[in-house]
Amino acid sequence: MSEQAFRFGRAQHLVGIAGLPEQPRDAVGVIVLNAGLVHHVGPFRQTVDMTRRLNTLGYPTLRFDLSTIGDSGASGESQTRVQQICADVDDAMVLLGKQAGCRRFVLVGLCAGAEKAHQVARDRTSHHKLGGAVFLDGFAYRTLGFKLRHYLPRLFDARRWGRWLSRKRREIADGDAPSFSVAPLPQDVVSEDFSSMVERGLKICMIYTGGINMFFNHRRQFRECFGPAMNHPAVCTRYSEEIDHTYVLVDDRRRLIEQVETWLCSNFPITHAGVLP
Amino acid sequence: MTRHESELPFFFGNGGELFGIYHPAGRKADRAVLLCAPLGQDHIRCHRLYRQLATTLAGEGLPVLRFDYYGCGDSAGASGEVEWGRCLHDVVSAAQELRRRSGVPDIVAFGARLGGPIALAAAQPAGFTDVLAWDPVIDGAAYVTRLDEMQEALLQDTRRFVRPRGQGESQGQWLGFEVNPTLRRQIAELRPPWGMRPSLVLDTLGATAPDWRELGIDASHVRVIEPATPWDDLARLEAAIISHPLLQAVSAHVHRVHA
């Protein structure tokens, strides 16, 4: 196995590290996207550990920075952020295809990275190149089930009511602060996207943690949020309440990497041509 | 060619184990700058600032190399394999690489937090002409105690975990990174003097700043910059550290002192 550093992309503006196993050359390529604004090594170097582990199993990988994040620059094009993300991922696929001979790819994204992977996967033609995606703490919506699980135990807790009231008082005193956040895709759109992805043959792995417990608090919530697509055999869901959003503990990261590895090996097994059982 | 196109990522050093990005100056320079990263989470939090600093200095005519020590960032090795002596060795390799690529013999080093003592301790073997240190760690024992306290607080932090995690679940770890006992001991033993005295200490520690005279310098070599950097704030453990005044101070000092 070797790692090589590349400057690549349509404007030579992207920087990434490709992990290139010696054999075989027909494996699915794994591309890991930025988790928020953290550069391509990932939170606590998680992406480095994950890609190197996958390399030892024979999967070529690319961890890279999208336009204007980490070590990558801007492409200089006039595009929406979604167009830019899709074009950057396409550039990443071209690079890994050239370097490792991959024709099919799996995207991995945590948090904002999962959102970006979703933006790529929801494209109606994504299945031509994309075999699957791993969404780590991706889209989540407060369902009725979430609210019951979240608020009922708190209903008779006087301290929580006190904190809520003081927060509300602060908010009223602060007035309307301008908000610059990007609105997430609506729940019905995301739900429809997942149905479309599985219909088009994409394999999906969703691993969520207690780190997003203000939006997601039970494994049943996958189905509550995204409907029957979550029961499709192509969809694998995991929920680990005790783990935080960025996997700050070493053993939690190991567990995550094992889960991704197990899912990859069962959905995209590597064929070792010429090797006798 | 745009500036970012000329920034070259590559592996170097013995067996190509070290990752670096070279920022060429675009014109003939009489000195180059080596950016020595801090360790652990400070490294990830400072990544953006290091890139901005490299781009700024290169734009002003100084070739710059930023790189990752063995076991850090994109360099080979696991996080649990980071070791002080190896970091110093990597600085020497990086200085050689910077000289080879830039053709400039005079190198000024910059280091934040643990990157400061690493640059100072490696100054002689690496042949630095000068070192600038940003909030350098000068009391290793106190630093180890502080990281232990923060690690303990992190496990109890219910903004991070639904329920507090047990102490046994993070043995040998500091804020997301595995730390081997050797490195822990080496950091605990850190204390100046090192191979060189910094020509400038950039102090963003506010009221918690130590007595910088321990580095063998007087107040004229210390530049206090506000606001204070929240190095030890668990709530901002994953927030990038950005400081425009710091970039300006480093750039101005490098140009003034070495003009």
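Letters A, B, ... mirror the listed sequences (proteins, then strands); counts begin at 1.
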Output the residues of residues 246-259 of chain A for which the shortest heavy-atom distance to chain B is under 4.5 Å, in residue-number order; output 'none' if no such residue exists.
-> A:T246, A:V248, A:L249, A:V250, A:D252, A:R253, A:R254
Measuring from A:D71:CG to B:F19:CZ, what's the distance to the nearest 0.5 Å?
-> 5.5 Å
Region of B:A78 in contact with chain A, defined by heavy-atom distances below 4.5 Å = backbone
For B:H89, look at atom NE2 and say whether over 12 heavy atoms of other residues, nucleotides or ligands are found less than 6.0 Å away.
-> no
Who among B:G80, B:A54, B:G16, B:G77 has the most heavy-atom pairs with chain A under 4.5 Å?
-> B:G77
Whatever's closer than 4.5 Å to a heavy atom in chain B on A:Q4 counts as backbone
Could you go through the salt bridge (charged side-chain N to carboxylate O under 4.0 Å, His left out) check for A:R63 and B:D74 one step at a time?
-> CA-CA 10 Å; A:R63 51 178 191 271; B:D74 286 305; 2.8 Å; yes
Would you say A:F215 has more than 12 foreign heavy atoms packed within less than 6.0 Å of its CZ?
-> no
Can you tell me if CZ on A:R219 sees more than 12 non-hydrogen neighbours from other groups inside 6.0 Å?
-> no
Pick from A:G210, A:G70, A:G211, A:P43: which one has the most heavy-atom pairs with chain B under 4.5 Å?
-> A:G70
Quick check: does any side chain N or O of A:R7 sit under 3.5 Å from a backbone N or O of B:S6, one acting as donor and the other as acceptor?
-> no
Close approach to chain A in residues 232-248 of chain B, criterion heavy atom under 4.5 Å = B:L237, B:E238
Hey, is the main chain of B:F177 close enough, under 3.5 Å, to the side chain of A:R45 for a donor-acceptor pair?
-> no
For chain A, which residues of residues 155-164 of chain B have at least one non-hydrogen atom nearer than 4.5 Å to it?
-> B:L155, B:R160, B:F161, B:V162, B:R163
Drop me the distance from B:R51's CZ to A:S72's OG, to the nearest 0.5 angstrom.
-> 7.0 Å
Heavy-atom contact with chain A under 4.5 Å, split by part of B:E169 = both
Can you label the angle between the A:H39 ring and the B:H47 ring as parallel, tilted or perpendicular, going by 30° and 60°?
-> parallel
Relative to chain A, which of B:S170, B:A76, B:G172 shows the most heavy atom pairs under 4.5 Å?
-> B:A76
Considering residues at least two apart in sequence or located in another chain, which fulfil the salt bridge (Lys or Arg N to Asp or Glu O under 4.0 Å) criterion with B:D68?
-> none
Working to the nearest 0.5 Å, report the span between CD of B:E178 and CZ of A:F44.
-> 14.0 Å
Count the heavy-atom pairs under 4.5 Å between each of B:Q41, B:R165, B:H43, B:R48 and chain A, then report the option with the highest count.
-> B:R165
